[in-house]
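As the structure is a computational prediction, the values presented were derived from the model and not from experiment.
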Amino acid sequence: MQRLFSGIQPTGEPHIGNYLGAIRNWVALQDQYECLFCIVDYHAITIDYDPKEIGPRTLDLAATLLACGLDPKKCLLFVQSEVPEHTELAWILSTCTVVGDLARMHQFKEKTEGDRHLATLGLFAYPTLQTADIVLYKAEVVPVGEDQKQHLELARETVRRFNQRFGPIFPEPIELLSPAARVMGLDGEQKMSKSRGNHVALADSTDAVWAKLRPAKTDEARKRRADPGNPDRCNLFSYHGFFSPPEEVATINAGCRSAAIGCVDCKKALHANMERLLGPIRERLADYRARPDDVRAALRDGAARASTIARHTMEEVRQALGLR
Ligand code: TYM
């Protein structure tokens with residue numbers, strides 16, 4: 001079995017973009033690969049954060065991942081800071097990463113619009129830590145959404161430089177793009193993200209989901225109920241593609257074009273279909289939240305198993321660097 005690694009940050013609330021773009025895919029991949037899934041708290045501290053919140057958020061994200069269907073019997077689920085070799089390897093890889101490449105990263109540019117000189121070294125070097133996450137386990141496959149493609153290209157470049165200098169130790173990781181690689185936010189303008197507040201959280205109650213869908217933008221050319229709409233210009237119609245059965249997607253498509261259904265009808269149908277998928281996740285999440293010790297135990301076990309692999313890789317790396 002090939003080895004697979006992916007990560008998610010414990011910042012903000014996990015949302016349906018994370019679920020459709022990553023987590024749902026991870027659940028399916030557990031049976032096909034030897035999987036490691038990591039809650040990357042060392043990445044989360046590269047932006048402003050509250051030290052009192054990151055611990056509870058990390059635990060709650062683990063509960064969410066379990067509620068979505070990650071199974072610790074099939075995969076390794078752990079927290080990055082519990083395996084300190086991630087940061088040791090990141091330092092070593094930083095000697096094989098070129099500053100000009102890091103400066104081209106879209107995410108770095110987006111996050112530092114304004115005054116780039118005040119950006120921290122940690123935020124700048126973020127992709128090097130991401131590379132270390134992957135290669136510490138010699139993972140070959142990395143499932144991600146589209147926003148991580150550029151980081152993966154850089155990871156391959158760093159691996160090539162490292163291998164050229166020190167010998168063929170790491171495989172070049174390839175990305176496995178999710179079938180929903182870029183889920184748009186409720187604003188229809190930017191990708192769904194925790195920081196932009198344009199998201200539906202996985203933990204949102206059914207009423208909270210409806211309160212977000214009801215005012216959400218649809219085809220702006222459709223001013224009145226009687227106007228025919230164009231689903232291709234409607235952000236919410238794209239959500240039907242993720243949550244609704246294909247026959248219903250086809251009926252809604254035709255109904256919108258002929259004005260047989262209005263935007264509220266379309267949103268109600270979407271809400272019902274989202275509830276069918278998200279309702280059971282919410283219930284399982286409530287169950288895991290009620291037994292945090294079980295979640296902690298799963299994470300502890302995951303970290304112990306990950307550490308064994310990590311220590312082994314670091315021995316090999318230190319040898320290759322001449323540090324032993
Ligand atoms: P993060 O925490 O921002 O997101 C976790 C995963 O969710 C995907 N994603 C989306 N997919 C589709 N549409 C969206 N709107 C959307 N928003 C988020 C992301 O692509 C990602 O797969 N740097 C990474 C975490 C990381 C990592 C790694 C990933 C650290 N080390 C090693 C892979 C391998 C991040 O910030 O993900």
### Task
Given side-chain contact (heavy atoms from CB on, under 4.5 Å), test Leu186 with Val200 step by step and report yes or no.
CA-CA 8 Å; Leu186 286 165; Val200 176; 3.9 Å; yes
### Query
Would Phe108 and Leu102 satisfy side-chain contact (heavy atoms from CB on, under 4.5 Å), going step by step from the backbone distance to the final call?
CA-CA 8 Å; Phe108 176 70; Leu102 287 172; over 6 Å; no
### Query
Which is it for Arg104 and Asp101 under the salt bridge (charged side-chain N to carboxylate O under 4.0 Å, His left out) test, yes or no, and what are the steps along the way?
CA-CA 5 Å; Arg104 281 192 300 104; Asp101 285 344; 3.2 Å; yes
### Task
In sequence, state the C-alpha distance, the side-chain angles, and the governing distance for Thr11 and Glu53, and then conclude on side-chain contact (heavy atoms from CB on, under 4.5 Å).
CA-CA 9 Å; Thr11 43; Glu53 273 183 14; over 6 Å; no
### Query
Passes salt bridge (charged side-chain N to carboxylate O under 4.0 Å, His left out), Asp187 versus Lys217? Steps please.
CA-CA 6 Å; Asp187 53 9; Lys217 248 195 239 164; over 6 Å; no
### Task
Could you check Ile16 against Leu278 for side-chain contact (heavy atoms from CB on, under 4.5 Å), going step by step and ending with a plain yes or no?
CA-CA 9 Å; Ile16 59 170; Leu278 301 180; 4.0 Å; yes
### Query
Could you go step by step and tell me if Glu88 and Arg318 meet the salt bridge (charged side-chain N to carboxylate O under 4.0 Å, His left out) rule?
CA-CA 10 Å; Glu88 184 185 358; Arg318 290 187 209 107; 3.0 Å; yes
### Message
Apply salt bridge (charged side-chain N to carboxylate O under 4.0 Å, His left out) to residues Arg257 and Asp232 and explain how you reach the verdict.
### Response
CA-CA 10 Å; Arg257 288 180 196 279; Asp232 300 333; 3.3 Å; yes
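Classification of Glu316 and Arg311 as a salt-bridged pair fails, no side-chain N sitting under 4.0 Å from a carboxylate O. In this structure, Arg196 pairs ionically with Glu110, as a charged nitrogen and a carboxylate oxygen lie closer than 4.0 Å. Ionic pairing of Arg222 and Asp227 is not present here: no N-O contact between side-chain nitrogen and carboxylate oxygen is shorter than 4.0 angstrom. At a threshold of 4.0 Å, the pair Arg57-Glu13 does not count as salt-bridged, since none of the basic side-chain nitrogens sits closer than that to a carboxylate oxygen. With salt bridges taken as basic N to acidic carboxylate O contacts below 4.0 Å, one links Arg161 and Glu157. The pair Glu34-Lys74 fails the salt-bridge criterion, with no side-chain N (NZ, NE, NH1 or NH2) lying under 4.0 Å from an Asp/Glu carboxylate O.
Side chain of Gln30 to main chain of Gly69: a donor-acceptor pair is present (N/O by atom type, distance under 3.5 Å, no hydrogens or angles). A donor-acceptor pair under 3.5 Å is formed between the side chain of Lys212 and the backbone N or O of His199. With hydrogens and angles disregarded, a donor-acceptor distance shorter than 3.5 Å links the side chain of Arg284 to the backbone of Ala67. Remark: side-chain polar atoms of His15 are paired, donor with acceptor, to backbone N or O of Gly17 under 3.5 angstrom. Looking only at distances, a side-chain donor or acceptor of Ser238 sits under 3.5 Å from a matching main-chain atom of Asn235. The backbone N or O of Asn230 lies less than 3.5 Å from a partner atom in the side chain of Asp219, making a donor-acceptor pair. Looking at Glu85, its side chain never comes within 3.5 Å of a backbone N or O of Leu136 through a donor-acceptor pair. For the pair His271 (side chain) and Cys266 (backbone), a donor-acceptor distance under 3.5 Å is absent. The backbone N or O of Lys267 sits nowhere less than 3.5 Å from a side-chain atom of Arg214 that would complete a donor-acceptor pair. With hydrogens and angles ignored, the 3.5 Å screen pairs a side-chain donor or acceptor of Thr308 with a backbone N or O of Ala304.
For the 3.5 Å distance criterion, the side chains of Asp41 and Thr58 fail to qualify, holding no donor opposite an acceptor. Looking at Gln130 and His151, their side chains do bring a donor and an acceptor atom within 3.5 Å of each other. Under 3.5 Å, the side chains of Gln80 and Asp133 contain a donor-acceptor pair of N or O atoms. Inspection of the Gln190 and Asn198 side chains reveals no N or O donor paired with an N or O acceptor under 3.5 Å.
Partner Ser178 forms a side chain to side chain contact (heavy atoms under 4.5 Å, CB included) with one of Asn25, Ile23, Val144, Val183 and no other, that one being Asn25. The one candidate from Leu36, Val141, Ile134 that meets the side chain to side chain contact (heavy atoms under 4.5 Å, CB included) condition with Leu4 is Val141. Paired with Tyr137 under the rule ring pair (Phe, Tyr, Trp, His ring centres under 6.0 Å), one option of Phe78, Phe170, Phe37 passes, and it is Phe78.
The cluster map of Ile, Leu, Val, Met, Phe, Trp and Tyr, joined by side-chain heavy atoms under 4.5 Å apart, puts Leu61 and Ile54 in different clusters. Under the 4.5 Å side-chain contact rule for hydrophobic residues, Met274 and Leu20 share a cluster. Both Phe162 and Ile309 are part of a single hydrophobic cluster, where members link through side-chain heavy atoms under 4.5 Å apart. Following chains of ILVMFWY side-chain contacts shorter than 4.5 Å, one can reach Leu89 starting from Ile169, so the two form part of one hydrophobic cluster. Under the 4.5 Å side-chain heavy-atom criterion for Ile, Leu, Val, Met, Phe, Trp and Tyr, Val209 and Tyr19 are members of the same hydrophobic cluster.
Residue His43 holds its NE2 atom at 13.0 Å from CD1 of Ile8, rounded to the nearest 0.5 Å. Rounding to the nearest 0.5 Å gives a distance of 10.5 Å between CZ of Arg116 and CG of Leu123. Rounded to the nearest 0.5 Å, atoms CG (Leu270) and CH2 (Trp210) are 8.5 Å apart. Cys75 contributes atom SG, which lies 9.5 Å from atom CH2 of Trp26 (distance to the nearest 0.5 angstrom). Rounding to the nearest 0.5 angstrom, the gap separating the SG atom in Cys38 from the CD atom in Glu82 is 9.5 Å. Once rounded to the nearest 0.5 Å, the distance linking CD1 of Ile39 with CG of Leu77 reads 5.5 Å.
Closest heavy-atom contact between Val159 and Pro173: CG2-CD, 4.1 Å. Between Asp147 and Lys191, the closest heavy-atom pair is OD2-NZ, 2.7 Å. Contact between Pro127 and Leu154 at its shortest, heavy atoms only, is CB-CD2, 3.6 Å. When every heavy atom of Lys194 is checked against every heavy atom of Gln9, the shortest pair comes out as NZ-O, 3.1 Å. Between Ser6 and Pro143, the shortest heavy-atom contact is OG-O, 2.7 Å. Scanning all heavy atoms of the two residues, the minimum distance from Pro231 to Asn253 falls at CG-OD1, 3.2 Å.
Stacking of Lys111 on the aromatic ring of Phe124 is not recorded, the 6.0 Å distance cut-off and the 45° axial limit not both being met.
Other residues, nucleotides and ligands contribute over 12 non-hydrogen atoms within 6.0 Å of the NZ atom of Lys138.
Phe243 has its ring centre no less than 6.0 Å from the ring centre of Tyr239. Between His86 and Tyr42, the ring centre distance reaches or exceeds 6.0 Å.
In this structure, the side chains of Leu202 and Leu285 stay at 4.5 Å or more apart for every pair of heavy atoms.
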